[in-house]
Number of protein chains: 2
Amino acid sequence: MKIEDEIKQPVFSNVFQKGLINILYTAGWISQRNALQLKEYGITSPQFNVLRILRGQHPKPATVNLLIERMLDKTSNASRIVDKLELKKLVTRTVCPSNRRAVDIRITEAGLTLLSEIDTVFAQEPQLRNLTEAEASQLNDLLDKIRD
Amino acid sequence: MKIEDEIKQPVFSNVFQKGLINILYTAGWISQRNALQLKEYGITSPQFNVLRILRGQHPKPATVNLLIERMLDKTSNASRIVDKLELKKLVTRTVCPSNRRAVDIRITEAGLTLLSEIDTVFAQEPQLRNLTEAEASQLNDLLDKIRD
DNA sequence: TGCAAATATATGTACATACATTTAATGTCG
DNA sequence: CGACATTAAATGTATGTACATATATTTGCA
């Protein structure tokens, strides 16, 4: 559906204004779909993102600082997201021996198992399936250019 | 900066995966910039969006339902956003005379004044300034296609 | 008419975001 | 060495998101 109809705004003042709204709206649309799928597995999107970062590090530990560096949203609260994951036994938290200010965070076996289940489901419905490879590249270039 | 560097992820499994992350990351980047600018005026992004919808209706009132229809995020809680705006005297809330279930919400003079101040500032630094008009159109087409 | 269904909004709860502040450990430099 | 700044993480507070439920009003129809 065209963005004009989705938010019932008949016209935009210009194509830039429309593009801006379109990015925000599309990101929300994607997030909502993701959140719905993840809900069946009992985790939220931020929790899922943190788990994937931890899997990338595995078997090395990550610190809260490293999580913040790699999270999509830099200002969110990694500490409290890890709290929730720890409660679900998907990660462990131990004081870092070489720097007792820092905390070593590791994904557990249960966490790895959960991620691989989710991967299987996500692989069945590929993302951005409506775009060709060339279009997806074009999109990446445009988005990178916006943030320059 | 390229998305790989921004989130310190050296490679993506494919261009679709990268595109997905890029949309989410870019939307966050835009939101954060907007939020920072709006903070000087004492309002948040959702509050700003609601105010703009109300200005679009002015001098007619809007209901909570109309706000939900037009908000970027359909599931957010319009009622409580209006609460905050009402506290700041930027909107008024009165029971709708023709349907006492509904509530007429109107932007106040103070609200209109605030919006026009913000417009002035935003106009000075146009959005998506790094894109040409053709590129912005292309972006809109790609984003619309993703949601088909 | 009367009563159930639908509608409009508000409220409750859990989680996340945004940002300031606090606490503890480590580094640094006089 | 010791005071002070820096760093890593946790905590506090306000706001927003997501979703279920509650309350009040209106509508429809037996």
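So that the names make sense, note that chain A is the first sequence line, chain B the second, and so on, each numbered from 1.
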Taking atom [atom2] of [N] as reference, at what distance in whole Å does atom [atom1] of [X] sit?
X: L67(A); N: dT17(C); atom1: CG; atom2: P; result: 13 Å
X: L36(B); N: dA20(C); atom1: CG; atom2: C1'; result: 15 Å
X: Q32(A); N: dC15(C); atom1: CD; atom2: C1'; result: 16 Å
X: I81(A); N: dA18(C); atom1: CD1; atom2: C1'; result: 12 Å
X: L87(B); N: dG16(D); atom1: CG; atom2: P; result: 11 Å

Item to complete: Scan residues 37-53 of chain A against DNA chain D and write down, sorted by residue number, each residue with any heavy atom closer than 4.0 Å; if none is found, say none.
Response: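 Those residues whose heavy atoms fall under 4.0 Å from DNA chain D, taken from residues 37-53 of chain A in numerical order, are K39(A).
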
Practice prompt. Apply side-chain contact (heavy atoms from CB on, under 4.5 Å) to L20(A) and list each qualifying residue two or more places apart in sequence or on a separate chain.
Written response: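 side-chain contact (heavy atoms from CB on, under 4.5 Å) check on L20(A) returns I30(B), Q127(B), L128(B).
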
Discussion item. So, using side-chain contact (heavy atoms from CB on, under 4.5 Å) as the criterion, who are the partners of T94(A) when residues are at least two apart?
Written reply: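 Scan of T94(A) (side-chain contact (heavy atoms from CB on, under 4.5 Å), adjacent residues dropped) gives D104(A), R106(A).
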
Applying salt bridge (Lys or Arg N to Asp or Glu O under 4.0 Å), which residue pairs with at least one partner in [range] are found, sequence neighbours left out?
range: residues 40-55 of chain B; value: R55(B)-D119(B)
range: residues 87-102 of chain A; value: D83(A)-R93(A), E86(A)-R93(A)
range: residues 133-146 of chain B; value: E135(A)-K145(B), K145(A)-E135(B), D144(B)-R147(B)

Discussion item. Counting primed atoms plus P, OP1 and OP2 as sugar-phosphate and everything else as base, spell out the protein contacts along nucleotides 1-10 of chain C at 4.0 Å heavy-atom distance: B, S or - for each nucleotide, 5' to 3'.
Written reply: ------BSSB

Discussion item. As an exercise, state the distance from CG of L85(A) to CD1 of I43(A), rounded to the nearest 0.5 Å.
Written reply: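 Interatomic distance, L85(A) CG to I43(A) CD1, rounded to 0.5 Å: 7.5 Å.
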
Item to complete: Could you tell me which residues satisfy side-chain hydrogen bond (donor to acceptor under 3.5 Å, both in side chains) with K84(B), sequence neighbours excluded, listed by chain and number?
Response: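 For K84(B) there are no side-chain hydrogen bond (donor to acceptor under 3.5 Å, both in side chains) partners, ignoring immediate neighbours.
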
Fill in: Qualifying residues under ring-ring contact (aromatic ring centres under 6.0 Å, His included), relative to F16(A), sequence neighbours excluded
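F16(A): no ring-ring contact (aromatic ring centres under 6.0 Å, His included) contacts found.
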
